[in-house]
Peer 1: 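I'd like to ask some things about the structure below.
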Number of protein chains: 2
Amino acid sequence: MGNNIVVGYEISKIGKKIKKIKLTKPGLKSGLKREEKRQLKLDAILRHAAAAFMEKGYYKTSLDDIAQLHNVTKPTLYYYVKNKEDILIKCEDVASVRINGLLDQVTACAENGFVQLENFIRGYVEIITDDIIRCHIRHRGQREDRAARNASLKMHRGIEHRVREIIIKGMDDGSIRDCNSTIIAILLFDALNGISAWYRDEGQLNHEELVQQVLLLVTEGVKNKV
Amino acid sequence: MGNNIVVGYEISKIGKKIKKIKLTKPGLKSGLKREEKRQLKLDAILRHAAAAFMEKGYYKTSLDDIAQLHNVTKPTLYYYVKNKEDILIKCEDVASVRINGLLDQVTACAENGFVQLENFIRGYVEIITDDIIRCHIRHRGQREDRAARNASLKMHRGIEHRVREIIIKGMDDGSIRDCNSTIIAILLFDALNGISAWYRDEGQLNHEELVQQVLLLVTEGVKNKV
DNA sequence: AGTTTAAGTTACTCATGGGTAACAATATAG
DNA sequence: CTATATTGTTACCCATGAGTAACTTAAACT
């Protein structure tokens with residue numbers, strides 16, 4: 001530990017030209033603060049943008065709108081973000097980390113498949129309260145750029161795949177009935193993602209009741225077993 | 001039957017000014033053909049537009065794109081449609097009629113609530129194969145115009161309400177277990193509407209299997225009852 | 001201190017695309 | 001066969017909004 005001097009490269013602001021910059025010792029508080037502040041601001045911008053996108057939609061929200069929410073002018077945004085679409089991409093990154101984190105946590109527990117699935121659902125409903133995640137869910141698939149679109153698709157597939165694995169595990173250990181894991185995983189995500197479009201934490205609907213209803217639906221269905 | 005002469009009014013082309021037009025006896029083939037042709041063309045335009053919206057999204061699809069799909073020029077569209085948003089509204093009208101029609105059919109049968117719900121699901125999955133309906137599902141809520149947005153919301157609420165009624169009926173007659181009908185109805189719609197985003201009739205996934213999996217999920221859930 | 005980098009501003013460009021005006025062709029009715 | 005609606009076209013206008021260039025202010029390291 002101590003005073004390790006890291007010298008590296010950083011991709012500069014607007015992309016295009018890549019500028020070589022000697023990074024000074026990040027051990028010093030002031031140095032860290034700089035990067036920290038930048039991260040905080042980026043995060044705030046994402047939050048504002050995500051909120052605006054959720055309220056008015058991506059295309060009806062201008063960069064000026066977002067800038068104003070953040071009390072800066074449009075060009076400033078370009079210091080933190082490559083372009084408008086990049087906002088969605090960055091939101092997706094955040095979402096990817098959080099959802100995969102949840103999956104890590106869930107699959108790490110030595111429970112049977114069904115319980116893991118329950119735990120995932122519980123955690124997911126928690127997560128999709130966050131504006132950035134909601135924004136990602138709503139706008140995934142709108143990527144203009146081919147590469148970005150493919151990356152998005154891939155990451156989405158990955159998550160879906162992990163949930164499918166949980167379901168398969170459940171069928172193996174006997175905790176989940178025989179079913180088409182692909183379809184069930186998709187249906188589950190459709191329902192859960194749908195929640196993110198209408199559920200408000202501040203609303204009158206209690207969070208715990210929502211989770212209960214979802215879990216009951218998934219476990220038992222709605223048919224009355226006399 | 002016979003030669004009943006209907007004289008009425010028609011809302012003219014571009015809205016704005018409402019022009020009174022005496023309709024000539026529609027018994028004559030030529031008279032009918034005119035209106036018929038117009039309707040057919042409007043329908044074709046909606047179809048083309050809906051398909052394009054589904055593929056590229058509403059905002060990335062220009063009116064020129066739609067016009068081209070129909071082998072006409074942009075201004076011609078304005079003869080059939082008030083403006084871009086009006087396309088969505090007209091799609092919604094089509095969707096409303098079809099979905100409510102399905103509900104009429106389903107609720108007319110003297111079955112218990114659960115069976116009615118099953119029948120609705122079966123019919124709904126059928127319906128959401130249609131591009132116009134898919135377009136409506138995906139773009140409902142994007143209305144720019146306040147009045148249009150409210151109308152859209154109202155119609156959507158209406159449909160959701162009818163499904164809730166079915167669920168309540170099922171709880172009354174004992175065919176559906178006790179649950180929060182509001183939440184369950186919404187979750188059901190989220191899952192079903194989600195299907196419209198990815199399911200292709202031409203795809204490898206068999207329609208009947210999809211319906212089976214959905215119905216099983218709704219009836220039994222996924223937990224294995226040993 | 002004084003120089004460098006970060007952070008932000010004002011003032012533009014420029015493509016896109018919705019919508020319209022005015023004109024042209026085609027069909028229908030009388 | 002001519003007058004009148006009905007369809008359609010070409011050629012525009014113009015608002016909007018993404019993205020950039022060039023310049024200014026604030027912060028930080030030596």
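Protein chains get the first letters and strands the later ones, always in sequence-line order, with residue 1 at the start of each.
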Peer 1: So which of residues 53-67 of chain A are in contact with DNA chain C, with a heavy-atom cut-off of under 4.0 Å?
Peer 2: none

Peer 1: Determine the interplanar angle of the A:Tyr58 and A:His139 rings, folded into 0 to 90°, and report it as parallel if under 30°, tilted if 30 to 60°, perpendicular if over 60°.
Peer 2: tilted

Peer 1: Counting only heavy atoms not in A:Glu209, do more than 12 fall under 6.0 Å of its CD?
Peer 2: yes

Peer 1: Are more than 12 heavy atoms from other residues, nucleotides or ligands located less than 6.0 Å from atom CZ of A:Arg157?
Peer 2: no

Peer 1: Show the numbers, then the answer: is there a salt bridge (Lys or Arg N to Asp or Glu O under 4.0 Å) between B:Arg162 and B:Asp104?
Peer 2: CA-CA 10 Å; B:Arg162 291 187 72 180; B:Asp104 290 343; 2.8 Å; yes

Peer 1: Within the distance-only criterion (no hydrogens, no angle test), does the side chain of A:Asn100 pair as donor or acceptor with the backbone N or O of A:Ser96 below 3.5 angstrom?
Peer 2: yes

Peer 1: Is there a donor and acceptor pair, one atom on the side chain of A:Lys41 and one on the base of C:dA7, closer than 3.5 Å?
Peer 2: no

Peer 1: Figure out the CD/C1' separation between A:Glu85 and D:dG19, and round it to whole Å.
Peer 2: 14 Å

Peer 1: Whole angstroms only, please: what is the NE2-P distance between A:His70 and C:dT9?
Peer 2: 11 Å

Peer 1: Nearest to the side chain of A:Tyr78, heavy atoms from C-beta on, is which of D:dT9, D:dA18, C:dT10?
Peer 2: D:dA18

Peer 1: C:dG19, D:dT7, C:dA7: which one has an atom nearest the side-chain heavy atoms of B:Arg38?
Peer 2: D:dT7

Peer 1: Taking only the side-chain nitrogens and oxygens of A:Tyr79, find out if one of them lies under 4.0 Å from OP1 or OP2 of C:dT9.
Peer 2: no

Peer 1: If you check every side-chain atom of A:Thr76, which of D:dG19, C:dG8, C:dA21 has the closest atom?
Peer 2: C:dG8

Peer 1: Taking the side chain of B:Tyr80 as its heavy atoms from C-beta onward, which of D:dG8, C:dT10, C:dG8 lies nearest to it?
Peer 2: D:dG8

Peer 1: Using a cut-off of strictly less than 4.0 Å, decide whether B:Thr73 has a side-chain nitrogen or oxygen near OP1 or OP2 of D:dG8.
Peer 2: no

Peer 1: Are any of the side-chain heavy atoms of A:Leu187 and B:Ile195 separated by less than 4.5 Å?
Peer 2: yes

Peer 1: From CD of A:Glu144 over to P of C:dT16, roughly how many Å is that when rounded to an integer?
Peer 2: 11 Å

Peer 1: Does any part of the side chain of A:Thr182, heavy atoms only, come nearer than 4.5 Å to the side chain of B:Leu205, both counted from C-beta?
Peer 2: no

Peer 1: Whole angstrom is fine here: how far is it from CG in A:Leu40 over to P in C:dA7?
Peer 2: 12 Å

Peer 1: Quick one: A:Asn83 CG to D:dG19 P, roughly how many Å, whole number?
Peer 2: 5 Å

Peer 1: Rounded off to whole Å, could you give me the NZ-to-P distance for the A:Lys37 and D:dA26 pair?
Peer 2: 13 Å

Peer 1: Expressed in angstrom and rounded to an integer, what is the separation of A:Glu36 atom CD from D:dA27 atom P?
Peer 2: 17 Å

Peer 1: Do A:Lys74 side-chain and D:dG19 base share a donor-acceptor contact under 3.5 Å?
Peer 2: yes

Peer 1: Whole angstrom is fine here: how far is it from NZ in A:Lys84 over to P in D:dT16?
Peer 2: 14 Å

